[in-house]
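Contents: one structure, followed by commentary.
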Amino acid sequence: MRPLRRLGLALTAALLLGAAPAAWAATWVVGPAPHLPSVAEALRRAADGDVVEVMPGTYRGDVAVITQRGLTIRGVGARPVLSADGRHAEGKAIWVVRDGDITVENIEFRGARVPDLNGAGIRFEKGRLRIVRCAFLDNEMGLLTANFGDAELRIEDSEFGLAPRHAGSLHHLLYVGRIARVEVTGSRFHQGHLGHLIKSRARESVITGNTLVDGPMGQASYEIDLPNGGRARVSGNTIGQGDGADNLVLVAFGAEGSAWPDSALTMEDNTLVNEASRPAWFLRVWPERLPDGTPVVVRRNRLVGTGRMAAGPAAVVDGNLTVPRP
C-alpha cells in the first residue's frame with residue numbers, strides 16, 4: 001500500500017530547476033481495508049518525519065516500539081482506542097517511545113498489564129514526547145518515563161484515570177522519572193488507587209490549569225507528589241482529595257529527599273479541596289530533605305475543607321483563603 005504524498009511548490013520548483021527534490025513526509029492511514037490493519041504495521045513502514053493517522057475503532061493488542069527520530073501519530077475523528085488485550089511491548093507498555101521527537105494526538109490507551117505490574121499506556125524512554133487530547137484509562141501506570149536527564153515531556157488537554165486495583169501495587173496515573181522537564185496543562189486526573197495522580201521526579205515540573213480530583217470512588221495517595229523537589233510551578237489547578245484517600249496529603253514536595261540542587265516551589269492560584277471530614281495537609285513540604293534555603297512560595301490559593309499548610313519555616317505564604325466545605 002502506498003502512502004498519500006503531497007507535492008508542494010518547493011518540490012515543483014526543484015523539479016523545474018533540475019535539482020534533486022527534498023524528502024517529503026508520508027501519511028500512513030490505519031483502519032478498515034483498504035488501509036493498513038494496525039499501528040504496528042504503519043510504524044514498520046514509516047520513516048522519520050512521517051505521519052500515522054488512525055481511523056476510529058478499537059485496536060486490540062496493537063502494541064509497538066516507536067523507533068523513528070521524528071513522528072506524529074494522531075487519531076482522526078472519534079478517538080481510537082488502543083486496548084492492550086493481554087499484550088505488551090517489551091514487557092513495558094502498549095507503546096514504547098524509544099527516542100526522538102514524537103507527537104501523539106487523540107488516542108486512548110487502555111488496559112495495560114505486564115508481569116511486573118507497571119504496564120503503561122506509553123513508556124517514554126528518551127527524547128521529546130508531546131501528548132495532546134489523549135486518554136490513559138485502566139492502566140497499571142498511565143504514562144511512565146525512564147530517567148534520561150535530557151528528556152522532555154509535554155501533556156495537553158488529556159485524561160488519566162481508572163487505576164486498576166491490584167493488591168499491593170502502586171498505580172500512578174502519571175509517573176515521571178528524573179528527566180529534564182515535564183509540563184502538564186488542561187488535563188484531568190481522577191480515580192487513582194494507592195499510587196499518586198501525578199508523581200514527578202523531573203528537574204522542572206510545570207503543572208497548570210488542570211483538574212486533579214480523585215472523586216468519590218478514588219483511593220489515591222497524593223494528588224501531586226514531587227518527591228525530589230526540583231523547580232516546580234503548580235498554578236491554576238483544581239486539586240481535590242476524596243474521603244477514601246490512602247494518604248492525607250494533597251500536594252507533597254521533597255518527601256523522599258535526593259533533591260535537585262536548584263529546587264524551588266511556587267504554588268499559586270489553585271483551589272484545593274479536602275472532601276473528607278478528617279483534616280489533611282493541603283501542602284506538605286519536607287525542608288529538612290531539600291537543599292538549604294529552598295524557596296517555597298504559596299499564595300492566593302483557595303483551601304476548601306478541613307486542613308492546613310505545612311510549607312516550612314522559611315516559606316512565603318500570602319493571600320491564601322480558607323473556606324468551609326459546603
Side-chain angles (χ1 to χ4, degrees), residues 153-156 160 172-176 181-190 192 196-214 220-242 245 247-276 279-323 325:
L153 171 64
R154 179 177 173 84
I155 296 170
E156 307 169 27
F160 294 73
H172 306 305
L173 298 186
L174 172 62
Y175 191 171
V176 180
R181 190 175 195 273
V182 60
E183 182 172 357
V184 185
T185 63
S187 296
R188 180 186 175 215
F189 294 76
H190 62 95
H196 311 308
L197 301 187
I198 295 178
K199 181 166 187 169
S200 174
R201 301 182 184 275
R203 182 167 193 157
E204 182 177 6
S205 300
V206 179
I207 303 170
T208 60
N210 304 284
T211 300
L212 300 102
V213 177
D214 203 23
S221 188
Y222 306 147
E223 276 55 56
I224 299 176
D225 183 25
L226 306 167
N228 308 131
R231 298 192 304 273
R233 174 173 293 276
V234 179
S235 64
N237 305 283
T238 298
I239 305 170
Q241 187 172 85
N247 196 318
L248 298 179
V249 177
L250 279 74
V251 180
F253 188 69
E256 296 181 21
S258 300
W260 292 96
D262 51 348
S263 293
L265 172 63
T266 298
M267 184 170 159
E268 58 188 8
D269 301 314
N270 302 283
T271 296
L272 298 105
V273 182
N274 175 22
E275 292 284 355
W281 283 275
F282 292 110
L283 168 66
R284 187 172 182 186
V285 176
W286 281 259
E288 71 279 8
R289 301 176 187 177
L290 294 163
D292 290 342
T294 294
V296 175
V297 177
V298 185
R299 58 193 175 199
R300 301 188 305 274
N301 298 285
R302 188 168 184 262
L303 314 177
V304 181
T306 305
R308 66 189 183 95
M309 290 276 193
V316 175
V317 180
D318 180 55
N320 301 289
L321 175 65
T322 301
V323 298
R325 183 169 59 90

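Worth knowing before you read on, the calculation uses all heavy atoms, side chains too, and leaves out hydrogens, waters and symmetry mates.
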Q: Any chance you could lay out the salt bridge (charged side-chain N to carboxylate O under 4.0 Å, His left out) test for D269 and R300, step after step, and finish with the verdict?
A: CA-CA 5 Å; D269 301 314; R300 301 188 305 274; 2.8 Å; yes
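Under a 3.5 Å cut-off, the side chain of N301 and the backbone N or O of N270 do form a donor-acceptor pair.
Taken from CZ in R201 to CG in D225, the straight-line distance is 7.5 Å, to the nearest 0.5 Å. Atom OG1 of T322 is separated from atom CZ of R308 by 12.5 Å, given to the nearest 0.5 angstrom. Atom CG in N247 sits 8.5 Å away from atom CZ in R284 (nearest 0.5 Å). Atom CG of D214 sits about 10.5 Å away from atom CD of E275, to the nearest 0.5 Å. Interatomic distance, R231 CZ to T266 OG1, rounded to the nearest 0.5 Å: 11.5 Å. Summarising the geometry, atom CG belonging to L173 is positioned 8.0 Å from atom CZ belonging to F160; distances are rounded to the nearest 0.5 Å.
We find that E268 and R233 are joined by a salt bridge, their nearest charged nitrogen and carboxylate oxygen being less than 4.0 Å apart.
At least one side-chain heavy atom of D262 sits under 4.5 Å from a side-chain heavy atom of R203. The shortest distance between side-chain heavy atoms of E256 and N228 falls below 4.5 Å. Taking the side chain as every heavy atom from C-beta outward, T185 and E156 approach each other to under 4.5 Å. Residues L283 and V234 have side chains not in contact (no heavy-atom distance under 4.5 Å, counting atoms from C-beta outward). Residues L272 and Q241 are not in side-chain contact: their nearest non-hydrogen atoms beyond the backbone lie 4.5 Å or more apart. Two residues are said to be in side-chain contact when any heavy atoms from C-beta on lie closer than 4.5 Å; R325 and N274 fail this criterion.
A side-chain contact (heavy atoms from CB on, under 4.5 Å) with I198 is found for one member of V176, L226, L174 and no other, namely L174. Checked options T211, N210, T271; the residue passing with N237 is N210 (criterion: side-chain hydrogen bond (donor to acceptor under 3.5 Å, both in side chains)).
When all heavy atoms of A232 and F253 are compared, the pair lying nearest together is CB-CE1, 4.1 Å. The minimum heavy-atom distance linking T294 with S263 is given by the pair CG2-O, 3.4 Å. What you find for V298 and A311 is that their closest heavy atoms are CG2-CB, 4.1 Å. Between W260 and G229, the closest heavy-atom pair is CD1-C, 4.2 Å. Nearest heavy-atom pair, S200 versus P227, reported as atom, atom and distance to 0.1 Å: O-CD, 3.3 Å. Nearest approach of G242 to A276, heavy atoms of both residues: O-CB, 4.5 Å.
Every residue meeting the ring-ring contact (aromatic ring centres under 6.0 Å, His included) condition with Y222, not counting sequence neighbours, appears here in chain and number order: H196.
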